[in-house]
Number of protein chains: 2
Amino acid sequence: MRDTAGYEPLDERARNILMAVVQSFIQTAEPVGSRTISKRFEFGLSPATIRNVMADLEEMGFLEQPHTSAGRVPTDKGYRYYVDHLQGPEALSAEEAALIAQRFPPYRGEMDEVIAEISRLLSELSRYAGIVLRTLASAVFSRVELVKVRGPQVLAIFVLESGMVHHKLITLEEEMTQDELQRIANYLNQEFAGQPLRLIRQRIAERMAEEKVQYDQLLRQAMQVGGKTFEEAAKKDEEIVLGGTANIIDQPEFQSNTERMKELLRAFEDKSRLIRILDKCLEEPGVNVIIGSETPFKDVHECSFVTRTFHSGDRTIGVLGVVGPKRMAYPRVMALVDYTANLVTQLLTQG
Amino acid sequence: MRDTAGYEPLDERARNILMAVVQSFIQTAEPVGSRTISKRFEFGLSPATIRNVMADLEEMGFLEQPHTSAGRVPTDKGYRYYVDHLQGPEALSAEEAALIAQRFPPYRGEMDEVIAEISRLLSELSRYAGIVLRTLASAVFSRVELVKVRGPQVLAIFVLESGMVHHKLITLEEEMTQDELQRIANYLNQEFAGQPLRLIRQRIAERMAEEKVQYDQLLRQAMQVGGKTFEEAAKKDEEIVLGGTANIIDQPEFQSNTERMKELLRAFEDKSRLIRILDKCLEEPGVNVIIGSETPFKDVHECSFVTRTFHSGDRTIGVLGVVGPKRMAYPRVMALVDYTANLVTQLLTQG
DNA sequence: TTTAGCACTCAACGGCAAAGAGTGCTAACA
DNA sequence: TGTTAGCACTCTTTGCCGTTGAGTGCTAAA
């Protein structure tokens, strides 16, 4: 939900007509005219009256015309108003809910496969693209194991409080024995267990600057290894998976315009930008909708994002959702995303 | 290289003209007529003569006409003949080779990032899609570490001879102590170090059937854990990454035909089919070319694959390559793929 | 054997008129 | 005063049609 202030007040009739335009356009992808609305919806108003109202709505910035003699199309502001104030909440049908639950992947501590499967599931059910971001930003450290691989290469496996496991291959400045590594691991576990990764990184940076670290060999080595372990982790802090991008080709708005389509597919290949967008969603509670130009990235201004965070216990693990054209079936997709996020949370929490 | 037998012998002139048609079509994506060839190539032949030869080539199945009054287009058989017998080997320019070497990712035992980066590199340089398959089929086991996570969950980390590291979370039937796990790991290391994963799986299956295993607790437990460890590994035996799929949208043959484009993008999303295709390439030494209908999968009949295996020492690690339209700049792409595969092999071998 | 000439085919292009959807404005109506 | 019918106007879409041009196959001459 965005701030609702700053809108000119719309009377009942204007709201109804705006709703009719948005819904009709979402269904047909054709600009909608006054005649169409007058026929298809039972407002008991003539096209002429509707025209007047639509002209008002256009002036207020909710609608626009592709060209003079065409019908109207919602603007981003129009979609926003629709999402925030007009659409009723839609529940998933029982069959659909059952279908999702049935297709739900099993979880055995390996997030990667779950993420991939969920994004596929979301894309199939929405017929748009599915997207999942997994973050370690608020992950809590539980334990690390250090395994000598060969030479100065060491495998650091760290287990998170949520039961998730990550591993990183790090290269030390000087070779150490497995015994030394064991001692270091013990130290790190004792010192940092139960703390968020974010904080640990900070602590290590602080300690390394402290004087006494210079004199204590174990401490010095521990900080070196710990630094590498947790710093390296940062690189994989966020993992993002997209599924079903081919679905967007079916959308008529891109069919005719291959230029836009190319732009969009390229945007989807550049994960870093998507991460930036979804990062914002991590802070939003509940189902979050981003419409077209509400993101700062021009190549996705023709898209909307519907997302929701998912958790393990009270830790935020990531965010999942659907990317589709602005002309998206919002109520349905929002219900789908909400339901799926709940299921994932359940899976991770009790798993 | 395919079998060269079974071709009607082509005389010098026919070969030249076939080559001209293929090259011209690769360049322009337009069906090529007799007039064009007569002008652009210095054969000293009139269009009429060329027409006769082209008619012969069409009868033999090397060329075809989209419609009566259009020029000719190579068939898959035509491309095949071109690739096998007509194109000269092309070397990468020094600048390009340098560019690749410079953009080459560093390697520190983590394959995942290398694979992703290589596929991106291949796609950027070829302007088609880059593809990399990593396989464990011929991987050799070096060492395993078993780490208790919580309850019956155990993290199995296995190091391969090539220095690569994989991990799998497995769930035991009964909880074990870290000490027991350590003993089991020792046993597995002693027993199986230096053997291919493939073979190990087989051995374990055999042993589990043996009678004496029933009486020896350590052995029984070891087989149970080993079975899970190596069996689980099979699931991730093959990993495939595609980069730059958006590039294919630029190809004129797909621009006009969104139906084909959709089909192709969907095919790219179904990794299992791509794996099947690339699996075949694993057995081919040298640069391998697959043209259109030479794969059994209809959705990629408009594409060609150019691939080459890469190695660590004498072990095959995977296969990399480029996927593009059949109308592909074969000599250039083949040189690129060859060079890149060599670099990767070098990286993995000395790394 | 090669080539010039010719009749033929067919996609592509441009122009044009008709159709159709939609609008804004005005005047009449309840 | 709000609503609506009517109307003139705009502009895209569609279909039609003739023209153009690239390309072919065939035949007959060099």
Side-chain angles (χ1 to χ4, degrees), chain A residues 9-18 20-25 27-75 78 252-253 255-257, chain B residues 10-18 20-22 24-25 27-75 78 252-253 255-257:
Chain A
L10 293 185
D11 61 15
E12 183 73 13
R13 200 169 63 181
R15 292 157 57 99
N16 280 338
I17 288 177
L18 176 55
V21 172
V22 175
Q23 283 178 350
S24 178
F25 185 69
Q27 252 187 39
T28 64
E30 299 289 328
V32 359
S34 53
R35 211 184 148 69
T36 318
I37 292 187
S38 166
K39 259 197 238 163
R40 265 227 283 276
F41 297 80
E42 295 291 321
F43 294 149
L45 293 175
S46 75
T49 311
I50 293 173
R51 272 204 290 283
N52 287 330
V53 179
M54 283 165 91
D56 293 346
L57 285 169
E58 179 163 4
E59 211 177 328
M60 288 188 268
F62 292 108
L63 298 178
E64 66 188 346
Q65 282 181 291
H67 55 261
T68 324
S69 71
R72 256 90 171 192
V73 162
T75 60
E253 44 264 72
Q255 285 261 8
S256 53
N257 195 333
Chain B
L10 293 185
D11 61 16
E12 183 74 13
R13 200 169 63 182
R15 291 158 57 100
N16 281 338
I17 287 177
L18 176 55
V21 173
V22 175
S24 178
F25 185 67
Q27 252 187 38
T28 64
E30 298 290 327
V32 358
S34 53
R35 213 185 146 71
T36 317
I37 292 187
S38 168
K39 260 197 236 162
R40 265 229 283 276
F41 297 79
E42 295 291 320
F43 293 148
L45 293 175
S46 75
T49 311
I50 293 173
R51 271 205 290 285
N52 287 330
V53 179
M54 282 166 93
D56 292 346
L57 286 169
E58 179 162 5
E59 211 176 329
M60 287 188 270
F62 293 108
L63 298 179
E64 66 188 347
Q65 280 181 291
H67 54 261
T68 324
S69 72
R72 257 90 171 192
V73 162
T75 61
E253 45 264 72
Q255 285 261 8
S256 51
N257 195 334

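Chain naming here is simple, since letters A, B, ... match the order of the sequence lines and numbering starts at 1 in each.
- The CZ-C1' distance, from Phe43(B) to dT3(C), rounds to 17 Å in whole Å.
- Rounding to the nearest 0.5 Å places CZ of Arg72(A) at 14.0 Å from OG of Ser24(A).
- The separation between Asn52(B) atom CG and dA4(C) atom P is 13 Å, rounded to whole Å.
- For Glu64(B) and dG23(D), the CD to C1' distance is 16 Å, given to the nearest whole Å.
- If you take CD1 of Ile37(A) and P of dG22(C), they are 10 Å apart, rounded to a whole angstrom.
- Between Ser34(B) and dG23(D) there is no side-chain polar atom (N or O) within less than 4.0 angstrom of OP1 or OP2.
- Nucleotide dG22(C) holds its C1' atom 16 Å from the CD1 atom of Ile17(A), rounded to whole Å.
- Going from atom CG of Leu63(A) over to atom C1' of dG24(C) covers 16 Å, rounded to whole Å.
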Steps toward side-chain contact (heavy atoms from CB on, under 4.5 Å) verdict (Glu253(A), Asn257(A)): CA-CA 7 Å; Glu253(A) 44 264 72; Asn257(A) 195 333; over 6 Å; no
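- No hydrogens or angles were tested; on distance alone, a donor-acceptor pair under 3.5 Å links the side chain of Arg51(A) to the base of dG24(C).
- Here the CD1 atom belonging to Ile50(A) is positioned 10.5 Å from the CG atom belonging to Asn16(A), to the nearest 0.5 angstrom.
- With DNA chain D read from its 5' end, the first of the two nearest nucleotides for Leu45(A) and Ala55(B) is the one closest to Leu45(A).
- Residue Thr49(A) places at least one side-chain N or O closer than 4.0 Å to OP1 or OP2 of dT4(D).
- Between Val32(B) and Arg40(B), every side-chain heavy-atom pair lies at or beyond the 4.5 Å cut-off.
- Within the 4.0 Å cut-off from OP1 or OP2 of dG22(C), at least one side-chain nitrogen or oxygen of Thr36(A) is found.
- DNA chain C is contacted by both Thr68(A) and Gly44(B); Gly44(B) maps to the nucleotide lying nearer its 5′ end (nearest heavy atom per residue).
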Full working for side-chain contact (heavy atoms from CB on, under 4.5 Å) between Phe62(A) and Leu10(A): CA-CA 11 Å; Phe62(A) 292 108; Leu10(A) 293 185; 4.0 Å; yes
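- Between the CD atom of Gln65(A) and the C1' atom of dT23(C) there is a distance of 7 Å, rounded to whole Å.
- The interatomic distance linking Met54(B) (CE) with dC26(D) (P) rounds to 15 Å, in whole Å.
- Considering only side-chain N and O atoms, Ser46(B) lies under 4.0 angstrom from the phosphate OP1 or OP2 of dT3(C).
- Of the side-chain N and O atoms in Arg72(A), one or more sit less than 4.0 angstrom from OP1 or OP2 of dG24(C).
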